[in-house]
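All remarks here apply to the structure that follows.
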Amino acid sequence: VNCYTMECSVLVHLFDMAVWAYLIALSNAEDTEETATKKFFIGIFHDIAEVWTKDIPSPIKNRIPGFREATEKFELEMLDRHMYSVVPEYLKEALKSVMMEDDANKCLKDEMKDADYLSADSECYRSLLCGSRDTYFRDAVVNHKPRTKNKLYNEIHEYFVEYVTN
């Protein structure tokens with residue numbers, strides 16, 4: 001429904017988000033290299049189920065009561081069917097340890113969501129840079145209000161805002 005000038009695959013989005021999560025973590029005084037690396041791998045796998053389910057935009061998931069929960073359940077089923085059931089047990093546990101659904105990672109959800117939004121900002125930026133004049137991309141960046149106080153994150157987001165509004 002939008003005038004895309006370039007396609008962004010799920011795999012490109014995953015890598016993009018992983019890099020943002022890693023760089024932002026490195027700029028946090030309380031994060032170690034090990035924590036930054038874990039956030040990178042969480043980013044790499046955070047939407048892997050969309051390879052089988054396709055992306056459903058958050059505004060749609062949020063607007064229909066119960067739909068977000070249903071899609072999350074379906075995504076877990078697809079991960080079980082196409083990923084966890086076809087790898088050895090030790091690899092299954094290693095994969096689960098870098099998934100947002102893992103209880104140990106729930107405390108990172110807000111930080112990872114911010115990196116996810118920064119990835120969306122950069123995707124919108126690239127689409128506009130490649131010639132799209134669709135206001136959806138501008139509005140998505142401008143209307144995204146960061147939740148983090150991370151200086152690097154906010155500087156990058158403001159760079160994207162400045163570009164899309166000029």
Side-chain angles (χ1 to χ4, degrees), residues 1-28 31 35-64 67-76 78-79 82-83 95 98-102 105-106 108-166:
V1 299
N2 303 108
C3 297
Y4 289 92
T5 53
M6 58 172 285
E7 191 64 38
C8 184
S9 71
V10 172
L11 295 177
V12 169
H13 169 68
L14 296 175
F15 183 73
D16 202 28
M17 191 263 202
V19 169
W20 290 125
Y22 180 78
L23 293 174
I24 290 164
L26 287 180
S27 74
N28 284 333
D31 281 337
T35 305
T37 301
K38 180 170 183 157
K39 289 177 182 180
F40 175 86
F41 281 102
I42 290 171
I44 283 288
F45 289 101
H46 83 282
D47 279 340
I48 200 73
E50 290 179 7
V51 169
W52 301 286
T53 65
K54 306 300 178 221
D55 182 31
I56 301 169
S58 288
I60 294 171
K61 289 182 192 176
N62 295 336
R63 196 162 280 157
I64 302 169
F67 192 53
R68 176 172 290 282
E69 294 78 16
T71 59
E72 288 172 358
K73 182 179 177 188
F74 181 59
E75 288 174 352
L76 287 174
M78 293 299 101
L79 288 172
H82 297 290
M83 194 164 75
L95 287 168
V98 292
M99 299 299 280
M100 283 307 304
E101 296 78 17
D102 189 85
N105 298 328
K106 294 215 185 276
L108 303 175
K109 187 170 181 145
D110 285 345
E111 287 179 66
M112 300 308 295
K113 196 64 184 165
D114 280 337
D116 197 17
Y117 282 128
L118 195 58
S119 175
D121 284 352
S122 65
E123 289 169 34
C124 291
Y125 163 80
R126 288 191 301 270
S127 194
L128 292 164
L129 191 63
C130 289
S132 177
R133 297 184 53 81
D134 193 323
T135 58
Y136 169 84
F137 299 114
R138 177 185 45 82
D139 293 346
V141 174
V142 171
N143 293 332
H144 163 215
K145 302 298 180 223
R147 296 174 292 183
T148 184
K149 300 290 186 227
N150 179 279
K151 184 177 186 258
L152 176 63
Y153 177 94
N154 286 304
E155 287 174 359
I156 295 167
H157 174 68
E158 285 306 313
Y159 171 83
F160 292 136
V161 169
E162 185 176 325
Y163 179 84
V164 304
T165 56
N166 291 324

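Values below: all heavy atoms of this structure, side chains included; hydrogens, waters and symmetry mates excluded.
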(request) Find the distance between CD (E72) and CD (E75) and round it off to the nearest 0.5 Å. (result) 7.0 Å
(request) Supply the atom-to-atom distance L118 CG to E123 CD, rounded to the nearest 0.5 angstrom. (result) 10.5 Å
(message) Are V10 and D55 packed together at the side-chain level, in the sense that at least one heavy-atom pair is separated by less than 4.5 angstrom?
(response) no
(request) List the steps, then state whether side-chain contact (heavy atoms from CB on, under 4.5 Å) holds for M99 with I48. (result) CA-CA 10 Å; M99 299 299 280; I48 200 73; 4.1 Å; yes
(request) Check for a donor-acceptor pair, side chain of T71 on one end and backbone N or O of F67 on the other, with a separation under 3.5 Å. (result) yes
(request) For the residue pair L95 and F45, establish whether any side-chain heavy-atom pair is separated by less than 4.5 Å. (result) yes
(message) Going by side chain to side chain contact (heavy atoms under 4.5 Å, CB included), name the residues that satisfy it together with F40, two or more places apart in sequence or in a different chain.
(response) F15, A18, V19, Y22, I44
(request) Nearest 0.5 Å please: distance from the CD1 atom of I42 over to the CG atom of N105. (result) 4.0 Å
(message) Atom NZ of residue position K149 - does it have more than 12 heavy atoms of other residues, nucleotides or ligands inside 6.0 Å?
(response) no
(message) Can a donor-acceptor pair be found, under 3.5 Å and without considering hydrogens, that links the side chain of Y125 to the backbone of Y163?
(response) no
(request) Could you tell me whether the side chain of H13 and the main chain of D47 form a donor-acceptor pair under 3.5 Å? (result) no
(request) Rounded to the nearest 0.5 Å, what's the gap from CG on D114 to CH2 on W20? Could you check? (result) 13.5 Å
(message) How close do L152 and S27 get, counting heavy atoms only, and between which atoms?
(response) CB-OG, 3.7 Å
(request) Kindly say whether D31 contributes a backbone atom to a donor-acceptor pair with the side chain of N28 at under 3.5 angstrom? (result) no
(request) State the CD-CG distance between E50 and L14, to the nearest 0.5 angstrom. (result) 8.0 Å
(request) Check salt bridge (charged side-chain N to carboxylate O under 4.0 Å, His left out) between E155 and all other residues, then give those that pass, not counting sequence neighbours. (result) K151
(request) Walk me through it: do D116 and K113 pass the test side-chain contact (heavy atoms from CB on, under 4.5 Å)? (result) CA-CA 5 Å; D116 197 17; K113 196 64 184 165; 3.3 Å; yes
(request) To the nearest 0.5 Å, tell me how far I56 CD1 sits from K61 NZ. (result) 6.0 Å
(request) Check for a donor-acceptor pair, side chain of D16 on one end and backbone N or O of V12 on the other, with a separation under 3.5 Å. (result) no
(request) Please indicate whether E162 has more than 12 foreign heavy atoms, meaning atoms of other residues, nucleotides or ligands, lying under 6.0 Å from its CD. (result) no
(message) Side chains of Y117 and P146, heavy atoms from C-beta outward: is any pair under 4.5 Å?
(response) no
(message) Please check if the number of heavy atoms outside K106 that lie under 6.0 Å from its NZ is greater than 12.
(response) yes
(request) Given side-chain contact (heavy atoms from CB on, under 4.5 Å), test M112 with M17 step by step and report yes or no. (result) CA-CA 8 Å; M112 300 308 295; M17 191 263 202; 3.8 Å; yes
